Number of protein chains: 2
Amino acid sequence: MNANDPDSPDLYSIADLAREFGISTRAIRFYESKGLIAPERLGATRVFRRRDRARLILILRGKRLGFSLREISDYLGLYDADRNQQVTMLAEKVDERLNLLEQQLADLQTTIAELKEIRKLATQRVAS
Amino acid sequence: MNANDPDSPDLYSIADLAREFGISTRAIRFYESKGLIAPERLGATRVFRRRDRARLILILRGKRLGFSLREISDYLGLYDADRNQQVTMLAEKVDERLNLLEQQLADLQTTIAELKEIRKLATQRVAS
DNA sequence: CGTTTAGTTGACGTTTACGTAAAGTACGCT
DNA sequence: AGCGTACTTTACGTAAACGTCAACTAAACG
């Protein structure tokens, strides 16, 4: 795990993370303004720790999956087990989200299969 | 297959399709304005056939997968094999899209696995 | 000590994907 | 003929997710 890697630093500037993940600093500030991350401050300057970095990874994965920042925000809440008092409600929300994702998984598999079929037909026509 | 079902009608109004797929007529007109569908006209009134309906299904699936209408438009082009002269280029585009989707598939599987882990931990705490 | 360099907070601009009237046309009924 | 209902286009409004200045501050460097 990356978090256990002794070589991985514990402190990051906003530019560090922007560079690492190929996003703009503006985007990162925007995520903070929406409450998705909450870096510490040294005076006015944002200081990011591994926890913030980990959340950024989850945010970007959520985006690749097509979720809105609002949805990603809800999703991130699921990871804060300690801050989650209603464990039963947590399980329900996780199940909800799982259903969504599994519908999406089915969509994906259908689409991939169709595209492979199209490619097969195309390469057949090339071979003939 | 639905297209072979003799009971499925061949003509649909814009309201028919909106009702069937739970979207607004405005959305359908918008998709047309973006060139994603091209229904025939009876005077000014749009008349949809099975082909348009099939494209709508693809559009909505694309949306569930988080793609933009622009991306979905490109994607729909892949289905028009007849209109596609450069078969080699088609195969390349299909492969590109497949790579994207398989990255997305990996993201999804990771996310689903993590959520199941979270749920396991949550239900354990309930059981204890 | 002056000036790059990296950071900050506004504030306005932009694109996407529609929602929401507004105003008009066309058909089917009574 | 009048009415409701379904359809049309045109056009302005909106939420999300940033991009893009502008104006300012603070640390670092020769």
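First the proteins, then the strands, lettered A, B, ... as listed; each starts at 1. In this text, all values refer to a predicted model and were calculated from it rather than measured experimentally.
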Rounded to the Å, how far apart are [X] [atom1] and [N] [atom2]?
X: A/Ile59; N: D/dA16; atom1: CD1; atom2: P; value: 16 Å
X: A/Leu56; N: D/dC18; atom1: CG; atom2: C1'; value: 15 Å
X: A/Arg26; N: D/dA16; atom1: CZ; atom2: P; value: 14 Å
X: B/Ile72; N: C/dC18; atom1: CD1; atom2: C1'; value: 13 Å
X: A/Arg46; N: C/dT8; atom1: CZ; atom2: C1'; value: 7 Å
X: B/Glu40; N: D/dT8; atom1: CD; atom2: P; value: 14 Å
X: A/Ile28; N: D/dG19; atom1: CD1; atom2: P; value: 11 Å
X: B/Asp16; N: D/dT5; atom1: CG; atom2: C1'; value: 14 Å

For [X] and [N], is the shortest distance between a side-chain N/O and OP1 or OP2 below 4.0 Å?
X: B/Thr25; N: D/dC7; value: no
X: B/Lys63; N: C/dC18; value: yes
X: B/Ser24; N: C/dG19; value: yes
X: A/Thr45; N: C/dA6; value: no

Check: A/Thr111/B/Arg61 side-chain N/O donor and acceptor closer than 3.5 Å |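 Indeed, the side chains of A/Thr111 and B/Arg61 share at least one donor-acceptor pair under 3.5 Å.
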
Mind listing the residues from residues 30-37 of chain A sitting with a heavy atom below 4.0 Å of DNA chain D? Number order is fine.
->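 Contacting residues: A/Phe30, A/Tyr31.
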
Donor-acceptor pair, [X] side chain versus [Y] backbone, under 3.5 Å?
X: B/Asp107; Y: B/Gln104; answer: no
X: B/Ser73; Y: B/Leu69; answer: no
X: B/Glu102; Y: B/Asn99; answer: no
X: B/Arg97; Y: B/Tyr75; answer: no
X: B/Asp74; Y: B/Glu71; answer: no

Closest nucleotide of DNA chain C for B/Ser68 versus for A/Val47: which of these residues is on the 5' side?
->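 Per heavy-atom nearest nucleotide, the more 5' residue is A/Val47.
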
Does A/Ile37 share a hydrophobic cluster with A/Val47, counting links as ILVMFWY side-chain heavy atoms below 4.5 Å and allowing steps through other members?
->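 No, it is not one cluster - the side chains of A/Ile37 and A/Val47 are not joined through contacts under 4.5 Å.
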
Which of these nucleotides, [options], is closest to any side-chain atom of [X]?
X: B/Arg41; options: C/dT9, D/dC7, D/dT9; value: D/dT9
X: A/Ala27; options: C/dA17, D/dC7, D/dC18; value: D/dC18
X: B/Arg29; options: D/dA17, C/dG7, D/dT9; value: D/dT9

